[in-house]
Amino acid sequence: QSALTQPASVSGSPGQSITISCTGTNSDVGGYNYVSWYQQHPGKAPRFMIYAVSIRPSGVSNRFSGSKSGNTASLTISGLQAEDEADYYCSSYTSDSAYVFGTGTKVTVL
Amino acid sequence: QVQLQESGPGLVKPSETLSLTCTVSGGSISTSHYHWGWIRQPPGKELEYIATIYYTGDTYYNPSLKSRVTISMDMSKNQFSLKLYSVTAADTAFYYCVRQIGWTPGDFWGQGTLVSVSS
């Protein structure tokens, strides 16, 4: 089961919006509306940011939003802030009744 | 608020068995609302799903690891455990125990524990 494909890095200036893509197949992203997103700061455990493609758990800023089209899911961060600088991972439920993660994207705030 | 804490050896020899336990506090693992699982991350690399266990005892595994992994739970201790057999250096990673809800790999995570495989 191959990892979902994410860009290695994305950058933006404070206040700007950035979008991270996450591409899979019909057996994962395209087949289920069960895409999640995680934020991970260095040396820390991942933080749950988005589930079911576009739903934010309690406590997550509304600057984070998710969407999906076909086999590609996306995470958009609007009003970019210094604290958003981190690694981001997508994940999807799969046809094997398992989960697959993305390759990870390093977000840099310029 | 629920908390998860991993425990186990930080060093395992090649070909031996990696054994980790996750102790859950602030909530019971014997609930139908949540599942429990393990995820790992080799240093500097991406996350990898390992396994899930439901309160019913049903288990699900990453197909690529299924032949070497067992997940189990002890409701009397509010703990669940991971065993990974015949380890190699490629199994060196931070291992996280997680609470799972719905079809997400983890909403609450333990702090993670580094397990190194080396002779």
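For the numbers below, each heavy atom of this structure counts, side chains included, while hydrogens, waters and symmetry mates do not. Proteins come first, then strands; the chains are lettered A, B, ... in the order of their sequence lines, and each starts at number 1.
Heavy-atom distances place the side chain of W109(B), and not its backbone, under 4.5 Å from chain A. For a residue to count as touching a neighbouring chain, one of its non-hydrogen atoms must lie under 4.5 Å from one of that chain's; by this rule Q6(A) does not touch chain B. Both the backbone and the side chain of T104(B) come within contact range of chain A, judged by heavy atoms closer than 4.5 Å. The part of I39(B) that comes within reach of chain A is its side chain, from C-beta onward, which places non-hydrogen atoms under 4.5 angstrom from that chain. When heavy atoms are compared at a cutoff of 4.5 Å, P105(B) approaches chain A by way of both its backbone and its side chain. Both the backbone and the side chain of P46(A) come within less than 4.5 Å of a heavy atom of chain B. Only the side chain of S36(A) comes within contact range of chain B, with at least one heavy atom under 4.5 Å from a heavy atom of that chain. Heavy atoms of Y38(A) lying under 4.5 Å from chain B belong exclusively to its side chain. For Y61(B), the part lying near chain A is the backbone, with the side chain staying farther off; criterion is any non-hydrogen pair under 4.5 Å.
By number of non-hydrogen pairs under 4.5 angstrom with chain A, the leading residue of P63(B), G112(B), G106(B) is G106(B). Of the listed residues (E48(B), K45(B), E46(B)), the one with the most heavy-atom contacts under 4.5 Å to chain A is E46(B). Most heavy-atom pairs under 4.5 Å with chain B, from the set S97(A), P57(A), A52(A), G102(A): that is S97(A).
Connection of L65(B) to V100(A) is not established within any shared hydrophobic cluster, with ILVMFWY side chains joined at heavy-atom distances below 4.5 Å, either directly or through further cluster members. Residues V69(B) and V117(B) share a single hydrophobic cluster, defined by chaining ILVMFWY side chains whose heavy atoms lie under 4.5 Å apart. When hydrophobic clusters are built by joining Ile, Leu, Val, Met, Phe, Trp and Tyr residues whose side-chain heavy atoms come closer than 4.5 Å, directly or via intermediates, L4(A) is not grouped with L47(B). A continuous path of ILVMFWY side-chain contacts below 4.5 Å connects F80(B) to M75(B), so both sit in one hydrophobic cluster. Placement of I77(A) and V60(A) within a single hydrophobic cluster is found when ILVMFWY residues are connected by side-chain heavy-atom separations under 4.5 Å, directly or transitively.
Closest approach of Y96(B) to K44(A), counting heavy atoms only: OH-O, 3.7 Å. The minimum heavy-atom distance linking Y89(A) with Q41(B) is given by the pair OH-NE2, 3.3 Å. Across all their heavy atoms, Y99(A) and Q100(B) have their closest contact at CE1-NE2, 4.4 Å. The two residues N62(B) and A98(A) come nearest to each other via the heavy atoms CA-CB, 4.5 Å.
Using modelled atom types, no side-chain atom of Y51(A) and backbone atom of D107(B) make a donor-acceptor pair closer than 3.5 Å.
Residues of residues 3-20 of chain B having a heavy atom under 4.5 Å from any heavy atom of chain A: none.
Using a 30° and 60° split on the angle between ring planes, W103(B) and Y34(A) fall in the parallel class, below 30°.
By the neighbour-count criterion of 12 heavy atoms within 6.0 Å, atom OH of Y54(B) is densely surrounded, having more than that number from other residues, nucleotides or ligands.
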